[in-house]
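These notes are about the structure you will find just below.
Since we're looking at a predicted model, the values are computed, not measured.
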Amino acid sequence: MRIAELSSPELRPFHRETETHHPFLSQIEAIVKQLENHSSDKPPPETGAADLRQCLTQLSQLAPFPNSLKLQIWKLSYRLWNACVDISNTTTIRSSSSATTAAAESHAELRHIAADLLSVAGEVAGVPSPAIKSASFYHKTGLIWHNLRKFDLASKCFERATDLVSKLDIASIPDAGERKLLLDLNLARSRTAWEVRDPNLAVTLLNRSKSLVFGSCEHHKELAKQFMAFGKSSLSKSGEDANRDLSEALKLMNEALENCERGFSAARTREEKVEVRGLRWKVLRFIAAIHLQKEEFESVIKCVKVLRDSAEGGDDHPSLSVLAMKALLGLGRYGEAERELRGMVIDRGIPEGVWVSAVEAYFAAAGTAGAETAKGVFLALLGRCHVSAGAAVRVAHRVVGGGGEGGKVRAKVVAELVSDERVVALFAGKETAKDRVAMHAVLWNCGADNFQSKDYETSAELFEKSMLYIPYDTENRILRAKGYRVLCLCHLGLQQLDRAQEYINEAEKLEPNIVCAFLKFKIYLQKNDYQGAINQIEAMTACLDFQPDFLSLSAHEAVACRALPVAVTSLSSMLNFYASGKSMPTAEVTVLRTLVTVLSQEPGNEQQVLKFLKHAHTRASEIGPDCFFGKEEVGRRERNWFAVTSWNFGTSTGQDKNYEMSAEFLRLASDFYALVEGSDNENNVMACKSLVLSASSMIALEFQRRTAMSETEVKQALHLLDRAGQMLKSISARNSVNGDQINTSEPDLFFIYTFCAYDIQGRLNDLGSQLLIVRSFAGSKACKPQYLLQIGLSASQGPRSNHEVASFALNECLSSFLSSPLPDYQNVALVIRKLISIASIHKGDTDDDFVHSMYKQAYRIMVGLKEDEYPIEEGKWLAMTAWNRAAVPVRLGQIEMGKKWMSVGFDIAKHVPGMEAYKACMEEVLGNLEEKL
């Protein structure tokens, strides 16, 4: 609004005098005229404000001025103010958005200069209420600075205006508008103090304003509004001392309420009373809200009661039900709170946001017990007023999002709520697409939480209801498939396999992929349909998005279900991908180790175990032991595992007399032991032992199948034994250096090697090598008489006997037996009989003295022994065979020869119990023979 220029009877031409005495006024007038004449299409000159401020500063130094000059300054001030109004209006009409902050501040500065011009001029004779007019300029300028958030400038304007009016006698101001200015000025200054965070000054200024209301209803209302505004501001604070802020807000609201009461008393018209009553109710609602935040629930109930029972008809604001319900909940009066909540359903005027907030508050306080009520209220509201899809999402999220105890009950309530046809209908149409996505997310997340806690029944129900919020279109096809897949998982957890099968079939129709194939595999596995599961493994590998990880998962699932054939198939399928160089989730050695472990759990899988152990050795040879087994300690443990496993299978199959498999396993064990890095003496011994026992199994196999070893098999056994022999030499050399003896750690190893090597050399008809092998063994520290006895007995019989080896071995062991402190005469007797038999068969009469010496040796051994210490049967055999050898020489007339054999037989018989009758006869025959001589 433009301000009319001043008119005065003193106006007369004095322009020349003004220029003479005050040239600055001419400059100010020129700038003001330039501002008055600026085009509406162009902004005012940017330097105008600065130039005016400079002229004003210089002019102020020439005060005081004569009245005529003061009047000229007032006129210029009013012209400048009106020009600012024109500029502001032009800017607003052109485009409010185009007015920059800098331009707005420039306009405010021009207004500020206009106010300062009045202040510099001072009072002018003939102008009524000059202080009020000057204060009005400052007040309006301060409001502009306040809106621009230049609070320091605003405060400066308000303080200057306050100074101008403070000298006036308030009682002498007859104009109501001028009295209103005093109140507005105080309120404006208070607002600025509040903005610069000086609440004490702001409240003080409001309290001062109480003396400026002049009994006016309008003034009381304005003051009440300002107290309420400050109270709302304190209420919205979230500082560290919340209680202090709430107390301050309550204090301010009470001041507002008091002013409302005074305003109501001062009201003269019905309209004024209605306005003040509405403001009073609003203040009371805020007071109730503050008491609610302070948990002073009884005070809240009192406030609500006052509002509802008001003599003027009562307040029907929708927030009252919410305030009352929350207060009743705080007091634990759930029945009354529920009645308040249900009463809101009847009121069609309650905004959606209010009753949704009420439902949320009720459920937050009542918890699981209030879930059914929340659902009932929401469904009742559907029939009485418009409910948005967003409200349904909020209620569902509030009820289901509680978690913790009672989660299953809440989930069931939400499932019933969201599956109601009326609720589903809220989400129809494109405009509710975001809300539909939000509802699906709420149900999905809750279903996922229940799934993680293994509550598959609840999670299945929630996932099922979430499908209601997925449109049947191409864009959401993948999402529907995902829903079917997760439902399949839920029913798998519930062991409802047929339903799981139905869901995964539906998912596969929408989006066939590896996940669907894997879930079908799980179903087959749960149904114990091993062949179906195995076929599904092949189907998985054929999927376009196949990843080897799923084979690893399949193997784990199969092992967990004890479906060992399925696990073997899964792991075997994984092996096919390693040679291709494809990135795999598990190391190849781990897969093979797992395969062997799985196969080991059931008997009869030895052939497959052997197959995969061979595969492991082949792969280690192809890509290198470090790449296959791993490096350092990990690799060493893997190699040892395969070596030990091969050894264990070799020994177990050998014990089961499956010599063919035993030979294979043991030969493989030796190869694995040889791969162990930094092989110590123990590993070398195991490798050697594996080679020896492998050859031994090959020999045992021949006896078992009663078919002679083929030439190839003989060469293979010979190769194994050659390797073992070289290793034995190395082990013996190392033990010699370390001071150990091989027979202390592996007493049977050298003997078995010798025995097998002797046997194989015999198959090659290399008798000399056989003797050398036995002689080498006899000279070793590992040699024991029992070993030589076994070699000797074996060499003395069978189709490939070697009497030289037999004689050597038996003589050596006889010496060992006899040199013992406690000789085993049972074995001594056996050796003597074998030596006599060998000499008799292979030497005949050509070495009669050797045989006779054996009898004499036996006699010397028997002399001095206790009764029964030498085996009686063997003693009788010696006596009788020696006596009988004399028969032929006697018949041939070789009496001396006959007497020699009879004498040794008689001597032996004398030391054998039970031969008394024979001795008498022998003695008589010997006497007759001597008479003949």
side-chain hydrogen bond (donor to acceptor under 3.5 Å, both in side chains): pairs with one or both residues in residues 812-824, sequence neighbours excluded |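 Matches after skipping sequence neighbours: D824-N827.
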
Could you check V566 against S554 for side-chain contact (heavy atoms from CB on, under 4.5 Å), going step by step and ending with a plain yes or no?
-> CA-CA 8 Å; V566 182; S554 301; over 6 Å; no

Look at the aromatic rings of F755 and Y758 and report parallel, tilted or perpendicular, splitting at 30° and 60°.
->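 Tilted.
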
Would you check, one step at a time, whether the test salt bridge (Lys or Arg N to Asp or Glu O under 4.0 Å) holds for E660 with R705?
-> CA-CA 10 Å; E660 185 175 8; R705 66 188 181 188; 5.8 Å; no

More than 12 heavy atoms of other residues, nucleotides or ligands under 6.0 Å from [atom1] of [X]: is that the case?
X: E711; atom1: CD; result: no
X: E869; atom1: CD; result: yes
X: K527; atom1: NZ; result: yes

Nearest heavy-atom neighbours spanning [X] and [Y]:
X: S697; Y: S662; answer: OG-OG, 3.1 Å
X: C490; Y: Y456; answer: O-CB, 3.6 Å
X: D549; Y: P585; answer: OD2-CB, 3.5 Å
X: L720; Y: A695; answer: CD1-N, 4.2 Å

Just by modelled atom types, is the [Y] backbone N or O under 3.5 Å from a matching donor or acceptor in the [X] side chain?
X: S794; Y: I791; value: no
X: R639; Y: L675; value: yes
X: D656; Y: N658; value: no
X: D759; Y: G762; value: no

Would you sort out whether I514 and Q547 count as a side-chain contact (heavy atoms from CB on, under 4.5 Å), showing the intermediate values?
-> CA-CA 8 Å; I514 182 62; Q547 292 294 330; 5.9 Å; no

To the nearest 0.5 Å, how far apart are NZ in K689 and CG in L749?
->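 K689 NZ to L749 CG: 7.0 Å, rounded to 0.5 Å.
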
Nearest-0.5 Å distance, CG of residue L592 to CH2 of residue W641 |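 Answer for the CG-CH2 pair, L592 versus W641, is 9.0 Å.
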
Test side-chain contact (heavy atoms from CB on, under 4.5 Å) on F777 and F751 and set out the steps.
-> CA-CA 7 Å; F777 175 69; F751 164 66; 3.8 Å; yes

Apply side-chain contact (heavy atoms from CB on, under 4.5 Å) to the pair V568 and N605, showing each step before the final yes or no.
-> CA-CA 11 Å; V568 170; N605 293 326; over 6 Å; no

Does a donor on one side chain and an acceptor on the other come within less than 3.5 Å for N535 and Q531?
->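 Their side chains do contain a donor-acceptor pair, which is all the 3.5 Å distance test asks for.
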
For Y530 and T569, does a side-chain donor sit closer than 3.5 Å to a side-chain acceptor?
-> no

Strictly under 6.0 Å, is that where the ring centroids of F550 and F546 end up?
->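 Centroid separation for F550 and F546: 6.0 Å or greater.
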
So, for H911 and Y870, is the gap between ring centers shorter than 6.0 Å?
->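 Between H911 and Y870, the centre distance exceeds or equals 6.0 Å.
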
Taking the six-membered ring of F808 as reference, does the NZ or CZ atom of R775 fall below 6.0 Å from its centre and within a 45° cone about the axis?
-> yes

Residue pair S801 / S796, side-chain heavy-atom distance below 4.5 Å | no

